[in-house]
2 protein chains.
Amino acid sequence: MESKERIMEEFRRKGFRATPQRIVIAQIVLKSKDHPTAEQIYQAVKKKYPTLSPATVYQTLHLLTEIGLLQELGFSDRVSRYDPNASPHINIICRNCGKIQDYQAESIKGLWSQIIMELGFKPIGQRLDIYRHCDQCQANMHNNQVL
Amino acid sequence: MESKERIMEEFRRKGFRATPQRIVIAQIVLKSKDHPTAEQIYQAVKKKYPTLSPATVYQTLHLLTEIGLLQELGFSDRVSRYDPNASPHINIICRNCGKIQDYQAESIKGLWSQIIMELGFKPIGQRLDIYRHCDQCQANMHNNQVL
DNA sequence: TCTTAAGTAATAATAACTCTTAAATAAGTT
DNA sequence: AACTTATTTAAGAGTTATTATTACTTAAGA
Ligand SMILES: [Mn+2]
Ligand SMILES: [Mn+2]
Ligand SMILES: [Zn+2]
Ligand SMILES: [Zn+2]
């Protein structure tokens, strides 16, 4: 799901044009592991495509979300983050620094399908967040207490 | 967790003043069942307390979140919704109209404790969303197709 | 009652995101 | 290869939920 050809095919199959801007943005975001913001994606893409505008980034991220290759995660600070993994998994999120890490275990699949069965309908998506303070932030907090 | 006295006690216990504004806002939001927005809470509170300002609503909602009586749910449309149920449960959310309905089943507790055990740390919160199109929206969509 | 740190209301400021539009172009067609 | 056109892009203006600022008010302890 990361090669240029695969991405072009995916856009065209859904009836959208495979423009160089879209391809570069898709390549960057689909291989990302840290749930980047639109701004972070824009900064990364600009290196390969300096004339690109932020509006194109936003449009393309929405398009990728629409065709199911991406999940947009809204937060209360009003800055969305983008997750190339749209299948059921847990996002472990630090409430202090915002770092997000995926937790995808076999056990979740089983437990999840059981809940879906109970619900009695087929969801079109899901979002499973667990909040904590990451090791680094916990260490920092401790240091600040000591000082 | 809804009586005036209980709410006043809770504010004071955490070192905050129990002002009439805070009490009215807390009463409204803590008994809500439909995950209201700040604006909806403001409109409801204004009826009982007409001079109240939106800034006070925002501040109080943040305060209630901080002391653990409320959970703020951020969305990609940048409008947060507030959930008086901060314990592990599933929010069934309509992607079309935004309606949110709680699903709290015994089975979730089991799923939850098993995942916590696997993770090896104690979370400070969680968010479990399932997305769908609600019955009403599904009916509307169907009608529009037919017309 | 007095004192004062904390809280409120009003208003201005912020910023992520969306809208608008003229110019550019992907991708078919000849 | 040139032509055609609907789609897409870049730039800038606009939107709006939320936050910051500040002068006035008040809860609550002494
Ligand atoms: Mn993820
Ligand atoms: Mn809920
Ligand atoms: Zn952290
Ligand atoms: Zn609906």
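Relative to the side chain of B:S80, the nucleotides D:dT18, C:dT8, D:dT9 differ in distance, and D:dT18 lies closest. The A:Y58 side chain lies nearest to C:dC17 when the options are C:dA9, C:dC17, D:dT8. The side chain of A:R12 has C:dA27 as its nearest neighbour among D:dT8, D:dA10, C:dA27. Distances were taken from every side-chain heavy atom of B:S53 (C-beta onward) to each of D:dA27, C:dA10, C:dA26; the shortest belongs to C:dA10.
When only modelled atom types and interatomic distance are considered, B:Q104 and B:N85 share a side-chain donor-acceptor pair under 3.5 Å. Side chains of B:N96 and B:H133: no donor on one and acceptor on the other come within 3.5 Å. Under the 3.5 Å distance criterion, with hydrogens and angles disregarded, no donor-acceptor pair is assigned to the side chains of B:Q101 and B:N91.
Where B:V79 and A:Y49 each meet DNA chain D at their nearest nucleotide, the meeting point lying more 5' is that of A:Y49.
Among the atoms of the strands shown, only primed sugar atoms or phosphate atoms (P, OP1, OP2) are found under 4.0 Å from some heavy atom of A:T51. No contact: A:P50 has no heavy atom under 4.0 Å from any strand.
Counting distance only, with no hydrogens placed and no angle test, the side-chain atoms of A:R78 and the base atoms of C:dA16 include no donor-acceptor pair under 3.5 Å. Side-chain to base pairing of A:R17 with D:dA6: one donor and one acceptor N or O lie within less than 3.5 Å of each other.
Under 4.0 angstrom from either OP1 or OP2 of C:dT18 there lies at least one side-chain N or O belonging to A:H62. Regarding contacts with the backbone of D:dT9, a side-chain N or O of A:T19 is found under 4.0 angstrom from either OP1 or OP2. At least one side-chain nitrogen or oxygen of A:Q59 sits closer than 4.0 Å to the OP1 or OP2 atom of D:dT9.
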Exercise for review: Apply side-chain hydrogen bond (donor to acceptor under 3.5 Å, both in side chains) to A:Q114 and A:E118, showing your working.
Suggested key: CA-CA 6 Å; A:Q114 189 173 337; A:E118 273 185 42; 4.6 Å; no

